[in-house]
2 protein chains.
Amino acid sequence: MPHAVVTQSPEAILQRHLQERGLKQTRQRSLIVSIFLATGGHLDVDQLLATVRRTDPKVSAATVYRTMKLLTELGIAHAQQFGDGHTRYESAVDRHHHDHLICTVCGKIIEFENDRIESLQDAVARRHGFTVVHHKLELYGRCSECAAR
Amino acid sequence: MPHAVVTQSPEAILQRHLQERGLKQTRQRSLIVSIFLATGGHLDVDQLLATVRRTDPKVSAATVYRTMKLLTELGIAHAQQFGDGHTRYESAVDRHHHDHLICTVCGKIIEFENDRIESLQDAVARRHGFTVVHHKLELYGRCSECAAR
DNA sequence: CTCAGTGCAAAGTCTTTGCACGATT
DNA sequence: AATCGTGCAAAGACTTTGCACTGAG
């Protein structure tokens, strides 16, 4: 039999946060969140807006910016900068930490995790008296397909 | 007795590159480069411009942008993004690779290097068929002084 | 019915660029 | 003298914000 306490769906988390803050659940917000979560991440605002507009062409960029900012504050999304001038977002729900391999030719982004690297990072920080809150590890290069060309 | 072949000074490197390309050595370029190298790095354009203007108040931001772009192309400077929306530069002359610890309270930036982390990164990349060209490892948190408060 | 949300356009940052004048080779 | 470089202002790219209207609770 299924466990009684299941992880809340992102939609439920969103709804709870909205209610707690007296914020409203709107058509636009629901649409943006569901597309954001369905697409899987590393999306920038342009991509998200384009997808959203396939369903509702009247949604504005400002609303997407505002919604993603809200999701970030609520801990549902993480903002990330890969240095191309576009803020990208990925889901923060039911995910543990991971880092990124980024193909500079085709733009492909691969996620990975490596506990030994994490431990070494902690050791380095400790040695310098730092308390690390978060970190960023990005490996830029060519994926196998692009290297083959 | 000193070695006959010494590492060229950054100024000499700059001058050689300029000559090779038929570019000119100007008062502004010399000033910006010497201040950039003397200050030690992790400077953004605002800080650099402010310092430069203490010596020559008429230097424009455009010139600083253009000069730093040039230095980056020549391999004398590296541009870096720490996520605050300001491009920062550090000297690339006579330096090997290193990563950064960044205090999110006071802005202090500490450099470190760790060969074991580098090896593990290479291993991860290899496992994914990636050829890594460069990488970025940044640990964000509180330095000992800011943590004490 | 009230207050938050949306769309639009304007404004804000940081950075780049067109142009005429100025400086280096 | 011929070019490249500079300063200034305008233009760009991305993001935020003011305002009046719309819509959720």
Side-chain angles (χ1 to χ4, degrees), chain A residues 11 14-36 42-50 52-53 55-74 76-89 107, chain B residues 11 14-36 42-50 52-53 55-74 76-89 107:
Chain A
E11 284 83 356
L14 174 64
Q15 188 165 2
R16 178 168 52 77
H17 278 292
L18 294 179
Q19 288 179 346
E20 282 173 2
R21 295 181 162 209
L23 305 179
K24 290 168 183 175
Q25 182 135 37
T26 67
R27 180 173 33 85
Q28 293 91 330
R29 273 180 186 162
S30 303
L31 181 59
I32 293 167
V33 172
S34 67
I35 288 179
F36 166 63
H42 307 125
L43 282 167
D44 64 24
V45 169
D46 270 350
Q47 297 169 322
L48 193 45
L49 179 62
V52 164
R53 281 186 168 164
T55 301
D56 182 349
K58 298 185 304 304
V59 173
S60 70
T63 295
V64 175
Y65 278 110
R66 286 188 277 231
T67 301
M68 294 317 296
K69 192 176 179 184
L70 177 65
L71 294 186
T72 302
E73 288 166 1
L74 299 183
I76 295 172
H78 279 156
Q80 36 197 215
Q81 297 286 158
F82 290 144
D84 62 350
H86 299 243
T87 301
R88 290 170 185 281
Y89 295 91
Chain B
E11 284 83 357
L14 175 64
Q15 188 166 2
R16 179 169 51 77
H17 278 293
L18 294 179
Q19 287 180 347
E20 281 172 3
R21 295 181 162 209
L23 305 179
K24 291 167 181 172
Q25 181 136 37
T26 66
R27 182 173 30 89
Q28 292 90 331
R29 273 179 186 162
S30 303
L31 180 59
I32 293 168
V33 173
S34 66
I35 288 180
F36 166 62
H42 308 123
L43 281 168
D44 64 24
V45 169
D46 270 351
Q47 298 169 321
L48 194 44
L49 180 62
V52 165
R53 283 187 167 163
T55 300
D56 181 348
K58 297 185 303 304
V59 174
S60 71
T63 295
V64 175
Y65 277 110
R66 287 188 276 231
T67 301
M68 293 318 295
K69 191 176 180 185
L70 177 65
L71 294 186
T72 302
E73 288 165 1
L74 298 185
I76 295 174
H78 278 156
Q80 38 197 209
Q81 298 285 157
F82 290 144
D84 63 350
H86 298 242
T87 301
R88 291 170 185 280
Y89 295 91

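Within every chain, numbering begins at 1; the chains are lettered A, B, ... in the order of the sequence lines, protein sequences first and strands thereafter.
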Engineer: Could you state the CD-C1' distance from Gln47(B) to dC14(C), rounded to the nearest angstrom?
Structural biologist: 14 Å
Engineer: Under a plain distance cut-off of 3.5 Å, with no hydrogens placed, do Thr67(A) and Gln28(A) share a side-chain donor-acceptor pair?
Structural biologist: no
Engineer: What integer distance in Å separates His17(B):NE2 from dC4(D):P?
Structural biologist: 19 Å
Engineer: Where the side chain of Gln47(A) meets the backbone of Asp44(A), is there a donor-acceptor pair that is under 3.5 Å apart?
Structural biologist: yes
Engineer: Say whether Gln80(A) and Thr87(A), considering side chains only, have a donor N or O and an acceptor N or O under 3.5 Å apart.
Structural biologist: no
Engineer: What's the CZ-C1' distance between Arg27(A) and dT6(C), to the nearest Å?
Structural biologist: 9 Å
Engineer: Quick one: sort the Phe82(A) and His42(A) rings into parallel, tilted or perpendicular, breaks at 30° and 60°.
Structural biologist: tilted
Engineer: So, does Arg66(B) get its side chain near the phosphate of dT6(D), meaning an N or O under 4.0 Å from OP1 or OP2?
Structural biologist: no
Engineer: Taking only side-chain N and O atoms of Thr63(A), does any of them lie within less than 4.0 angstrom of OP1 or OP2 on dG5(C)?
Structural biologist: no
Engineer: What is the distance, to the nearest angstrom, from the CZ atom on Arg53(A) to the C1' atom on dT6(C)?
Structural biologist: 12 Å
Engineer: Separation of Asp44(A) atom CG from dA13(D) atom C1', in whole Å?
Structural biologist: 12 Å
Engineer: Quick check: on DNA chain D, is the nucleotide nearest Leu23(A) upstream (toward 5') of the one nearest Ala62(B), or the reverse? Name the residue that is more 5'.
Structural biologist: Ala62(B)
Engineer: If I compare all heavy atoms of Asp84(A) with all of Arg88(A), which pair ends up nearest, and what's the gap?
Structural biologist: OD2-NH2, 3.2 Å
Engineer: Can you say whether a donor on the side chain of Lys24(B) sits under 3.5 Å from an acceptor on the base of dT3(D), or the other way round?
Structural biologist: yes
Engineer: Is there a side-chain polar atom (N or O) of Gln28(B) under 4.0 Å from OP1 or OP2 of dG7(D)?
Structural biologist: yes
Engineer: Could you check how far CG of Asp84(B) sits from C1' of dT15(D), rounded to whole Å?
Structural biologist: 15 Å
Engineer: Nearest whole Å is fine: how far is dT15(D) P from Gln81(A) CD?
Structural biologist: 7 Å
Engineer: Below the 4.0 Å mark, does dT6(D) have OP1 or OP2 next to a side-chain nitrogen or oxygen of Ser60(B)?
Structural biologist: no
Engineer: Rounding to a whole Å, what distance do you find between Gln19(B):CD and dC4(D):C1'?
Structural biologist: 15 Å
Engineer: Is the distance from OP1 or OP2 of dT15(C) to the nearest side-chain N or O of Thr87(B) less than 4.0 Å?
Structural biologist: yes
Engineer: Think Tyr65(A) has a side-chain N or O under 4.0 angstrom from the OP1 or OP2 of dT15(D)?
Structural biologist: yes
Engineer: Quick check on dG5(C): is either OP1 or OP2 less than 4.0 Å from any side-chain nitrogen or oxygen of Thr26(A)?
Structural biologist: no
